[in-house]
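Written out below as structure tokens is the structure these notes cover.
Below, all heavy atoms of this structure are taken into account, side chains as well, without hydrogens, waters or symmetry copies. Predicted model only: the values in this text are computed from it and were never measured.
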Amino acid sequence: GILQVEMADKKTNVSAGKSKPSSPVNKIRQQQKQKNASSFTLFTPTRIAAAFAVVVIILSIFVSSPTKDSTTPTSQSAAPANTPSTKHKSPIQASTSVPKTTNPTPTSTIIPPPQDAPFPFKEHPKMKFEIDEDLSAPVPGALSKIIAPFTLVNLFYQYYDKHPFHLVRDNDFYAGLNSNLSNVDMLLQIHQVKAGEEELLSPETGETQANCAFVKEGMEKLNDKYANAYEAYLDGCTIVCNIVAAYWQPMAGLMSGIEYESSLAHMANMYLTPRNSQGFVEHTDNKNGLLLQTGGKKDWSLKETNFPNPTRNQMVGRPWELPSSTIAGEEALNTVVTQGDILFIPRGIPHSARSVDDYPSLHFTVSPTKNLEWVDFYILMLSEGIPFYAAYIESLVGEGTFEQNDIFECTQEIIHASMSDIIEQSRHASEYEIRASMPWWYRALAGATVPALHSAIDYTAGECIDNKVKKGESVEHVSELRRQLQAEMTLDIVLDILGECHPSTNDVSSTSVPSCEKISEQSDDDEFIINPINILMERKDLLKGVLPSVMSKHNVYFAYTQKLYNQGLQNEFQTFQNLSFPYNGVATFTPASWKFDIEGGKIIVSTDEKSIQFRHNNQIEQQLKLMQQFQQQQGSFNIAHVATSVFPVDEFETMCLVRILHSLGVVTLPSFPEPPLVEEEESPIDPNEIVTDGDSGVREEQSNEEHEPVTPTPTPINTNNDADHSHENHNSNSEKEADEDIKKMQHAMFEE
């Protein structure tokens with residue numbers, strides 16, 4: 001990306017022994033204040049617009065009804081521990097009540113997403129959209145196809161961290177993904193084979209990080225209670241499989257396509273819930289999630305929150321954390337998501353869901369591999385900026401004035417004190433800005449294209465101007481930077497906007513840095529003690545020195561995720577067909593006798609040697625009776641025929657019953673047909689048709705004969721911007737150098 005290219009060519013000019021800068025931070029600020037004061041103009045466009053807005057607000061107060069409407073602020077529930085009781089306005093506002101729909105159908109009206117005004121849904125968020133456009137399915141995988149008619153700008157800069165939305169699609173929208181209920185058995189079988197590979201093992205515990213968990217009306221894993229996923233599913237458990245893109249080829253292709261288009265590394269988890277069941281209780285997540293409903297349907301309840309943008313240790317609803325009632329407010333969105341739909345849930349929104357109307361539910365949640373927040377970014381900046389900051393302090397007091405150890409000890413105290421203050425600041429509900437996601441900066445780290453990065457930075461500047469207007473601060477400098485950005489995007493302009501628009505942090509107390517007392521007395525400017533984040537963010541010479549290291553630390557997650565994509569893309573279905581069985585295949589009964597009974601709300605399937613029990617439902621009972629009839633009549637049954645004998649159809653439920661009967665020795669599983677062998681005829685080679693191809697071997701002249709087209713094997717998308725390097729060259733050196741860092745940090749990624 002432009003940031004990486006320019007920073008690679010520039011060296012920091014702050015080092016030990018450099019002369020004292022001519023413009024300390026406080027002097028720059030004072031000059032800016034004087035400039036703003038001297039250039040005061042009464043009738044500027046900004047002031048005219050502000051005056052007009054005031055008039056509109058006053059008129060709306062007189063015209064509006066006194067009854068409660070959709071602009072009611074978030075209710076103030078009891079805040080979590082360590083949070084102030086001061087009321088604040090959450091960025092996630094109440095919405096117009098959306099009626100429940102048991103079977104939503106597309107209409108001819110498309111409600112267009114916002115295009116111009118920043119965050120237009122803050123006051124009246126419209127959250128449910130019915131789409132009847134002729135949209136192609138998201139294969140081989142593009143984020144814009146999934147969220148159309150929304151754009152990436154809509155998603156990342158108007159909904160991320162802020163508002164949920166529900167897009168209603170046709171049932172077959174995800175057909176090309178091959179990730180429906182009849183494919184889950186194959187997914188689980190491939191998981192058993194691939195999950196134990198070295199790349200997916202935790203460096204700390206040695207256990208696989210691509211695990212599948214069983215959950216029922218809680219948050220705790222119930223894996224020890226069941227022999228396998230099939231028994232757990234029939235007993236009402238939700239099956240949750242993490243990072244499926246590492247071994248499930250359709251999702252690997254989709255995630256690779258999403259990364260290519262958005263310049264953001266994503267992963268996908270699978271959530272499979274049986275009929276009339278609930279997996280998780282109400283809780284929050286610390287990542288923004290796109291839910292792709294590939295089968296069945298689910299009733300979702302999303303609530304407002306008075307603790308937006310939680311970090312990992314601030315989520316609620318889990319046994320080891322606070323109950324969700326401590327932060328949940330009024331209902332924000334209640335909707336039924338059906339096959340083909342997409343639901344977006346911002347981080348921090350309390351939510352729960354249940355499969356309804358006898359339907360199962362299968363969805364894949366797509367979320368960032370690592371959610372970079374301002375607080376994370378600041379901690380990285382401080383930890384990587386220690387040597388640059390020490391050189392800056394020495395430049396203020398003069399070279400040789402103090403011993404290097406004294407300078408370094410002072411620097412460490414300042415950095416550690418600032419880290420502690422920032423972490424403490426992030427714990428308060430009202431400080432949601434410092435916990436906000438940085439999707440635009442993600443794209444810079446990942447080497448986004450210039451147009452994508454340009455739109456992201458421009459939107460950041462626009463939001464910055466809006467925030468400054470609300471606080472009554474001057475916007476002239478940011479407005480000028482934005483005008484310069486429109487003409488040409490350079491690294492200096494980007495860094496100027498970053499320095500001007502970053503969230504504020506608390507000052508460091510001088511009492512927490514005793515080692516700096518003598519040094520501060522020698523300096524004309526003690527600002528370096530008060531707020532090191534401001535120094536690092538607002539001095540471009542320091543920022544240019546620190547950012548490459550920050551990028552390399554965070555890019556480990558992208559490199560590791562790309563390895564997982566590569567791994568998953570290689571797992572072709574044909575290679576694993578012997579592990580599963582076709583949904584429309586025929587299962588044959590063995591001579592073994594079996595029966596099933598119903599006792600205390602349980603179905604017990606048994607032979608003379610063994611029995612398996614699970615939750616009763618009418619559909620399972622009817623299918624077992626039909627299987628017994630087929631056994632008496634013909635000794636076999638078509639699996640799809642049995643599945644469609646009940647409604648609603650749950651293909652995986654029937655396949656689970658077949659797996660149970662097979663484990664009891666009652667049936668033999670059908671096999672996929674062997675692919676036909678294509679015999680290739682050898683043709684004589686004319687020596688005259690062989691020509692030298694540059695400096696590496698030979699090439700054959702193409703024959704005029706027609707050949708059957710061959711479907712190419714999907715290959716990872718190379719996001720390296722250097723078009724002169726091949727994919728092999730790109731991976732050979734950079735991945736070897738990053739291997740050690742990847743192994744050290746991969747466990748942290750999956751903890752996130």
Side-chain angles (χ1 to χ4, degrees), residues 181 184-185 188 212-241 271-283 295-299 301 317-319 352-362 587 589-590 592-632 637 639 641-667:
L181 288 161
V184 173
D185 181 76
L188 293 175
C212 288
F214 316 144
V215 183
K216 181 163 61 175
E217 297 182 357
M219 298 298 293
E220 295 179 344
K221 297 179 182 179
L222 302 176
N223 292 46
D224 294 339
K225 185 178 178 181
Y226 300 97
N228 51 57
Y230 307 104
E231 294 182 19
Y233 183 79
L234 293 177
D235 201 40
C237 288
T238 290
I239 311 300
V240 183
C241 293
Y271 297 82
L272 174 64
T273 303
R275 310 174 192 268
N276 306 311
S277 301
Q278 179 176 352
F280 298 98
V281 296
E282 187 176 74
H283 66 282
K297 63 180 179 179
K298 215 167 196 180
D299 188 1
S301 173
R318 294 160 173 79
S352 60
R354 185 178 184 86
S355 58
V356 291
D357 302 333
D358 283 334
Y359 280 86
S361 172
L362 173 63
F589 286 98
T590 67
S593 61
W594 67 285
K595 65 176 183 176
F596 77 90
D597 301 297
I598 301 174
E599 296 180 6
K602 295 281 187 177
I603 292 179
I604 304 172
V605 182
S606 59
T607 62
D608 294 337
E609 292 81 21
K610 185 179 178 181
S611 65
I612 298 174
Q613 65 177 6
F614 41 83
R615 185 183 66 173
H616 171 270
N617 71 49
N618 294 329
Q619 288 85 354
I620 292 179
E621 180 183 352
Q622 184 175 336
Q623 291 177 81
L624 289 172
K625 288 180 179 179
L626 189 59
M627 290 176 184
Q628 288 181 331
Q629 293 177 13
F630 279 123
Q631 182 181 23
Q632 297 172 1
F637 63 91
I639 299 170
H641 180 78
V642 171
T644 55
S645 67
V646 298
F647 184 82
V649 177
D650 181 352
E651 297 94 326
F652 182 67
E653 180 182 73
T654 307
M655 298 178 82
C656 285
L657 290 175
V658 174
R659 284 283 183 186
I660 294 296
L661 293 177
H662 177 68
S663 68
L664 293 172
V666 174
V667 299

Report task. Would you check, one step at a time, whether the test side-chain hydrogen bond (donor to acceptor under 3.5 Å, both in side chains) holds for Trp594 with Gln631? Result -> CA-CA 11 Å; Trp594 67 285; Gln631 182 181 23; 2.9 Å; yes

Do [X] and [Y] have side chains that get closer than 4.5 Å, going by heavy atoms?
X: His283; Y: Ser352; answer: no
X: Tyr271; Y: Leu362; answer: no
X: Pro648; Y: Gln619; answer: yes
X: Val215; Y: Glu220; answer: no
X: Tyr233; Y: Asp650; answer: yes
X: Leu234; Y: Phe652; answer: no
X: Gln623; Y: Glu653; answer: yes
X: Leu626; Y: Leu624; answer: no

Testing the basics here: between [X] and [Y], what is the closest heavy-atom pair and its distance to 0.1 Å?
X: Cys237; Y: Pro274; value: O-CD, 3.1 Å
X: Met627; Y: Phe589; value: O-CZ, 3.4 Å
X: Ala232; Y: Ile239; value: CB-CD1, 4.2 Å
X: Met219; Y: Gly317; value: CG-O, 3.3 Å

Query raised in the report: Where the side chain of Asn276 meets the backbone of Asp358, is there a donor-acceptor pair that is under 3.5 Å apart?
Result: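 At least one qualifying donor-acceptor pair exists.
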
**Report entry** Short side-chain to backbone donor-acceptor contact, Gln278 and Phe280, under 3.5 Å
**Finding:**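 A pair under 3.5 Å: yes.
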
Report task. Output all residues satisfying side-chain contact (heavy atoms from CB on, under 4.5 Å) with Ser355, sequence neighbours left out; order by chain, then residue number. Result ->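 Ser355: side-chain contact (heavy atoms from CB on, under 4.5 Å) contacts with Thr273, Ser277, Ser361.
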
**Report entry** side-chain contact (heavy atoms from CB on, under 4.5 Å) partners for His616, two or more places apart
**Finding:**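 If we apply the side-chain contact (heavy atoms from CB on, under 4.5 Å) test to His616, skipping adjacent residues, the hits are Ile598, Ile603, Asn618, Glu621.
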
Say you draw a straight line from [atom1] of [X] to [atom2] of [Y]; how long is it, rounded to the nearest 0.5 Å?
X: Ser645; Y: Gln629; atom1: OG; atom2: CD; result: 9.5 Å
X: Phe647; Y: Tyr359; atom1: CZ; atom2: OH; result: 3.5 Å
X: Arg659; Y: Glu231; atom1: CZ; atom2: CD; result: 12.5 Å
X: Lys216; Y: Arg615; atom1: NZ; atom2: CZ; result: 7.0 Å
X: Ile620; Y: Ile660; atom1: CD1; atom2: CD1; result: 9.5 Å
X: His641; Y: Phe630; atom1: NE2; atom2: CZ; result: 3.5 Å

Requested in this report: Please indicate whether Glu217 has more than 12 foreign heavy atoms, meaning atoms of other residues, nucleotides or ligands, lying under 6.0 Å from its CD.
Outcome: yes

Query raised in the report: Between Leu657 and Tyr230, does a side chain to side chain contact (heavy atoms under 4.5 Å, CB included) hold up when you go through it step by step?
Result: CA-CA 8 Å; Leu657 290 175; Tyr230 307 104; over 6 Å; no

Query raised in the report: Applying side-chain hydrogen bond (donor to acceptor under 3.5 Å, both in side chains), which residue pairs with at least one partner in residues 596-611 are found, sequence neighbours left out?
Result: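 Qualifying pairs: Asp235-Lys602.
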
Requested in this report: Identify the residue among Leu272, Asn223, Asn228, Leu188 that makes a side chain to side chain contact (heavy atoms under 4.5 Å, CB included) with Cys212.
Outcome: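 Single pass found, and it is Leu188.
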
